[in-house]
*Asks:* 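Have a look at this one.
In listed order, ligands and their atoms are each counted from 1.
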Amino acid sequence: MDRIYADCAATTQISESALQVMTECMRVHYGNPSSTHQDGRDAARVLEEARRKIAACIGAEPEEVYFTSGGTEADNQAILTAARYGEQVGKRHMIFSAVEHHAVLNCIPALEKAGFEITLLGVDETGRVSIEELKAACRKDTILVAVMYVNNEVGTVEPATEIGRLCRERGILYHIDGVAAAGHIPVDVKELDAGMFSLSAHKFHGPRGIGVLYVGKDVPVANLMFGGGQERTKRPGTQNVPGAAAMAKALCDSVATLEEQTPKLEQLRERLLCGLKDVDGMWMNGNSGSRVPGIINLGFEGVSGESLMLLLDLNGISVSTGAACNTESVEPSHVLTAMGLSPERARSCIRISLSTYNTEAEVDAICRAVMGAVERARD
Ligand SMILES: *Cc1c(COP(=O)(O)O)cnc(C)c1O
């Protein structure tokens, strides 16, 4: 039997249309976009077309879109940008939510070494930050607030619009890690009052190794690397033109079909939860209202999530125990513990993340396999 892929928050299968754009670009538009001859100009045209399309999908201007190697780099560059800006204006305090991706949280040691103070903002039991707590955490020397849009482990949508408004009123930069949001819910960076916003193509059926950092015009971008004049000198290195073109295709396709995708995913989610409703000692992590439909995080009393994941894998089903980046660590998920789960309960969870490539038959097979695996793991 074919394997069932249900780990779409870790990465997604590239779409046929994005793959076609990518191979066509590699075959035909292979010039260096910085070269001034015709082949270079041709590649530059493809690159700028991709930039325009991506900008249009998120409500940005093309000049505010910087191509990066992915979400991690975009998050790092956003935080470094805030740090440099903070040093200039004498503000050395930042606020991160406790449920940020490691691409944000693991910047903290370096920031502290450079003299920054970081406040970690707690979340409620559904994974949402509180606006009141954020207000209380803001200081005169706060340069940055970083709260993601959609949590990649539990699917909770954060109150980004309110956070954006609060930051604007206080003159604080707001960075949104939008990697799990773009292509899954509507995004308008201006409506969100985002100073910075990161995206990664492989989370919405684009290729790996290409992402975008949006930076508003009024924010001075800091360099992670130094080199040529690419990306307005802010992200030097010959651009990944096929990646950019495929990213634009995948994002435009996702955004254009959101209205069909969302109800389809809601149905798959309902089917999954309905199929599992008789499992004893099962609970769901996340927010029942403010969430994306594709990410379903479930806990099973008395079962190790790790064993469950391995048993499902043996049954030909790919799910995860949390963020893919953490598989080597035995630490329980920082997201689930921030939501108040005991380490033991946090270790009893798996994440099933679906895309519209999944079918009802697959969801039924997942339900049967989960029930069987929970039973076996409890024996
Ligand atoms: C996947 C992910 C990242 C990292 O993106 P990469 O392109 O894999 O580096 C960052 N933040 C969130 C929320 C993610 O889901």
*Asks:* At less than 4.0 angstrom from any non-hydrogen atom of Gly70, what atoms of ligand 1 do you find?
*Replies:* 7 (O)
*Asks:* Measure from the side-chain N and O atoms of Ser304 to the backbone N and O of Ser348, and report whether any donor-acceptor pair falls under 3.5 Å.
*Replies:* no
*Asks:* Could you check which of Asn151, Thr72, Thr68, Ile210 puts a non-hydrogen atom nearest to atom 4 (C) of ligand 1?
*Replies:* Thr72
*Asks:* Looking only at heavy atoms, is any part of Arg208 under 4.0 Å from ligand 1, and if so is it the side chain, the backbone, or both, or is it neither?
*Replies:* neither
*Asks:* Which atoms of ligand 1 have any heavy atom of Asp75 under 4.0 Å away?
*Replies:*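 With Asp75 as reference, the close atoms of ligand 1 come out as 10 (C), 11 (N).
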*Asks:* Any luck finding a side-chain donor-acceptor pair between Thr119 and His93 under 3.5 Å?
*Replies:*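 The criterion, which ignores hydrogens and geometry beyond distance, is satisfied for His93 and Thr119.
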*Asks:* What atoms of ligand 1 come within less than 4.0 Å of a heavy atom belonging to Met148?
*Replies:*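 Under 4.0 Å from Met148, ligand 1 has these atoms: 13 (C).
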*Asks:* What atoms in ligand 1 come closer than 4.0 Å to a heavy atom of Ser200?
*Replies:*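 Here the atoms of ligand 1 in question are 6 (P), 7 (O).
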*Asks:* Please name all residues satisfying side-chain contact (heavy atoms from CB on, under 4.5 Å) with Leu312, sequence neighbours left out, ordered by chain then number.
*Replies:*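 In terms of side-chain contact (heavy atoms from CB on, under 4.5 Å), with neighbours along the sequence ignored, Leu312 is linked to Ile317, Val319, Ile350, Ala369, Val370, Ala373.
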*Asks:* Glu73 versus ligand 1: do any nitrogen or oxygen atoms come within less than 3.5 Å of each other?
*Replies:* no
*Asks:* Closer than 4.0 Å to some heavy atom of Gly71 - which atoms of ligand 1 meet that?
*Replies:* 5 (O), 6 (P), 7 (O), 9 (O)
*Asks:* Taking all heavy atoms of Thr156 and all of Gly286, pick out the closest pair and write down the distance.
*Replies:* OG1-CA, 3.7 Å
*Asks:* Is any side-chain heavy atom of Val179 closer than 4.5 Å to one of His101?
*Replies:* no
*Asks:* Just going by heavy-atom distances, which of His101, His202, Glu153 is nearest to atom 10 (C) of ligand 1?
*Replies:*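 It is His101 that holds the nearest heavy atom.
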*Asks:* What distance separates Glu63 CD from Arg51 CZ, expressed to the nearest 0.5 Å?
*Replies:*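 With rounding to 0.5 Å, CD (Glu63) is 9.5 Å from CZ (Arg51).
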*Asks:* Salt bridge (Lys or Arg N to Asp or Glu O under 4.0 Å): which pairs involve residues 182-209, sequence neighbours left out?
*Replies:*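 Only Glu64-Lys190, Arg168-Asp193 qualify under salt bridge (Lys or Arg N to Asp or Glu O under 4.0 Å).
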